[in-house]
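Beneath this line is the structure, given in structure tokens, with notes to follow.
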There are 2 protein chains.
Amino acid sequence: MKTLTKYHYDYPRPALTTDCVIFGFDGGELKLLLIEREKKPFKNRWALPGGFVFIEEATEDCAKRILLEKAGIKNVFIEQLYTFSDVKRDPRERIISVSYFALVNKHQYELIAGRDTIKAEWFELSKLPKLAFDHRKIVKTAIQRLRGKVSYQPIGFELLSEKFTLTQLQALYESILEIDIDKRNFRKKILGMGLLQPLEEKEKNVAHKAARYYSFDKKAYKELTQKGFHFEL
Amino acid sequence: MKTLTKYHYDYPRPALTTDCVIFGFDGGELKLLLIEREKKPFKNRWALPGGFVFIEEATEDCAKRILLEKAGIKNVFIEQLYTFSDVKRDPRERIISVSYFALVNKHQYELIAGRDTIKAEWFELSKLPKLAFDHRKIVKTAIQRLRGKVSYQPIGFELLSEKFTLTQLQALYESILEIDIDKRNFRKKILGMGLLQPLEEKEKNVAHKAARYYSFDKKAYKELTQKGFHFEL
DNA sequence: GCATCATAGTGTAATTATTACACTAAAAGC
DNA sequence: GCTTTTAGTGTAATAATTACACTATGATGC
């Protein structure tokens with residue numbers, strides 16, 4: 001690769017990081033995975049997992065690397081959120097953050113987070129601690145994005161296991177959107193879309209009628225989308 | 001400001017630019033403002049107006065600066081679009097682009113674009129020339145964003161003059177969404193929202209019944225929004 | 001000044017989607 | 001086999017969306 005100055009740009013350059021807002025859900029309230037900072041600035045404060053972007057690394061790859069290195073998470077839904085570039089957002093120097101948000105099946109990663117040397121913890125959205133840098137602002141942006149998107153793109157499923165009951169799905173939507181949903185209307189609508197595959201399997205060892213499991217039918221979604229269908233809850 | 005290396009980050013850094021996708025509308029098809037590159041690479045190719053981000057400049061300020069310097073445009077709607085970071089998106093070296101999209105009242109800027117030394121021109125979306133770098137991809141992303149947003153946020157008005165007729169507004173939506181809209185239903189819905197202020201003024205010198213002008217009532221929109229109203233067309 | 005042309009502006013009925021609401025079914029624990 | 005708890009379902013009332021055709025008005029040309 002050629003040198004930079006050859007191409008009329010030898011100004012000082014901002015540093016680049018990515019920060020990841022990681023959402024998880026376990027049936028109750030929506031949660032966020034945070035890690036405790038080990039170094040200054042904001043030593044011992046909770047923060048979004050993040051890190052510097054390498055010179056030959058796309059920001060999305062960087063986000064995936066950080067997800068893996070700092071939270072032990074891989075192969076999950078990830079989407080670019082926003083690029084935060086306030087000049088004073090980092091007290092050290094000019095650092096721009098290209099932020100991402102991830103949706104993970106929390107159960108699958110419960111054991112991994114908090115392992116090793118990195119202190120990681122799930123926090124309910126309503127009980128977030130004080131955060132480092134401008135991470136509060138980043139989180140707020142991510143929540144808004146998630147709320148906005150969840151009604152017109154089937155991304156909620158990313159937060160559930162492969163198999164889920166309709167009650168779990170409804171609880172997820174209620175939790176994200178912070179609204180109450182009528183059970184019958186919810187089922188009518190979501191089943192009417194033809195995106196859920198009913199499975200033979202049912203809940204076990206529950207002290208009430210066992211609920212049927214469903215899975216999200218990606219193939220059907222793809223086909224319907226090509227025919228002009230658009231998801232809307 | 002302290003030096004960087006003090007803080008464990010002295011890797012080479014990608015360069016940072018912003019690129020601006022500028023939409024305009026003059027009653028027919030949606031248009032894009034492009035400028036011709038004067039230098040290599042892609043010399044004489046059409047490209048999005050863009051430029052390097054200064055070390056003490058937020059990316060949004062950079063975008064505004066570029067809008068003014070390269071297109072003579074200021075005080076318009078602007079929103080961050082996406083950050084493009086493919087390692088090979090620029091043949092010179094690693095350059096990351098934080099892209100923005102702007103909506104301008106084309107008539108207001110018709111005279112300014114194309115002035116001075118910079119060659120600028122409006123292109124219909126369906127007749128775009130070959131673009132430099134990955135700008136085609138950026139444009140595609142911008143169109144998708146505009147299409148997605150225009151139905152649930154009242155941003156379309158940014159493309160029209162302060163005063164506009166309902167026919168103009170309808171033509172705008174038809175143009176952006178590439179659909180036909182029923183005149184009566186469109187009017188019923190948009191007027192029913194209570195966001196349009198009918199003006200006394202009507203069209204002049206038209207060879208048919210003169211249409212009434214309306215303006216977008218920002219105050220009413222703000223108030224309604226606080227009461228939980230949400231724009232949807 | 002009257003006819004023509006072009007677009008502005010309006011009402012209603014049929015269809016579809018949304019909402020609100022209450023009971024029966026089944027599994028486990030005692 | 002009784003109790004507890006949640007799963008699962010139908011229907012009527014209301015609201016929103018769609019489809020569709022005619023009259024009103026201003027300018028122009030004769």
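This one's a predicted model, so the numbers in the text were calculated from it and none came from an experiment. A, B, ... follow the sequence lines: proteins, then strands. Residue 1 opens every chain.
Atom CG of Asp180(A) is separated from atom C1' of dT19(C) by 15 Å (rounded to the nearest Å). Distance Glu232(A) CD to dT17(D) C1': 14 Å, rounded to the nearest Å. Spacing between atom CG of Asn205(B) and atom P of dT28(D) amounts to 7 Å, rounded to whole angstrom units. Distance Phe186(A) CZ to dT19(C) P: 14 Å, rounded to the nearest Å.
Axis angle, first five pairs versus last five pairs of the helix from dG1(C)-dC30(D) to dC30(C)-dG1(D): 10°, rounded to 10°.
Side-chain N/O atoms of Ser126(A) and Glu29(A) include a donor and acceptor closer than 3.5 Å. Side chains of Ser99(B) and Asp19(B): a donor-acceptor N/O pair is absent below 3.5 angstrom, by distance only.
Ion pairing between Glu178(B) and Arg147(B) holds under the 4.0 Å rule for side-chain N and carboxylate O. Residues Lys227(B) and Glu223(B) are not paired through a salt bridge, judged by the lack of any N-O separation under 4.0 Å between the basic side chain and the carboxylate.
Applying the salt bridge (Lys or Arg N to Asp or Glu O under 4.0 Å) test to pairs two or more places apart or on separate chains, those with a residue in residues 148-165 of chain A are Glu79(A)-Lys149(A), Lys163(A)-Glu201(A).
Remark: Leu146(B) CG to Ile155(B) CD1 distance equals 5.5 Å, nearest 0.5 Å. Between the CG atom in Asp134(A) and the NZ atom in Lys140(A) there is a gap of 12.5 Å [rounded to 0.5 Å].
In this view, Glu36(A) and Lys119(A) satisfy the side-chain hydrogen bond (donor to acceptor under 3.5 Å, both in side chains) rule, not counting sequence neighbours. Evaluation of the side chain to side chain contact (heavy atoms under 4.5 Å, CB included) rule for Thr165(A) yields Thr167(A), Gln168(A), Glu203(A), Ala211(A), Tyr213(A) as partners, not counting sequence neighbours.
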Sort me out a list of protein N/O and nucleotides 11-16 of chain C N/O pairs below 3.5 Å, or just none if empty.
{"from": "dT12(C)", "atom 1": "O4", "to": "Lys188(B)", "atom 2": "NZ", "distance (Å)": "3.0"}

Please write out each protein N/O paired with an N/O of nucleotides 5-9 of chain C under 3.5 Å, distance rounded to 0.1 Å.
{"from": "dA8(C)", "atom 1": "OP1", "to": "Thr167(B)", "atom 2": "OG1", "distance (Å)": "2.8"}
{"from": "dA8(C)", "atom 1": "OP2", "to": "Thr167(B)", "atom 2": "OG1", "distance (Å)": "3.2"}
{"from": "dA8(C)", "atom 1": "N7", "to": "Lys183(B)", "atom 2": "NZ", "distance (Å)": "3.4"}
{"from": "dG9(C)", "atom 1": "OP1", "to": "Arg212(B)", "atom 2": "N", "distance (Å)": "2.9"}
{"from": "dG9(C)", "atom 1": "OP2", "to": "Arg187(B)", "atom 2": "NH1", "distance (Å)": "3.3"}
{"from": "dG9(C)", "atom 1": "N7", "to": "Lys183(B)", "atom 2": "NZ", "distance (Å)": "2.6"}

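Under the 4.5 Å side-chain criterion, counting only non-hydrogen atoms from C-beta, Phe231(A) is not in contact with Leu224(A).
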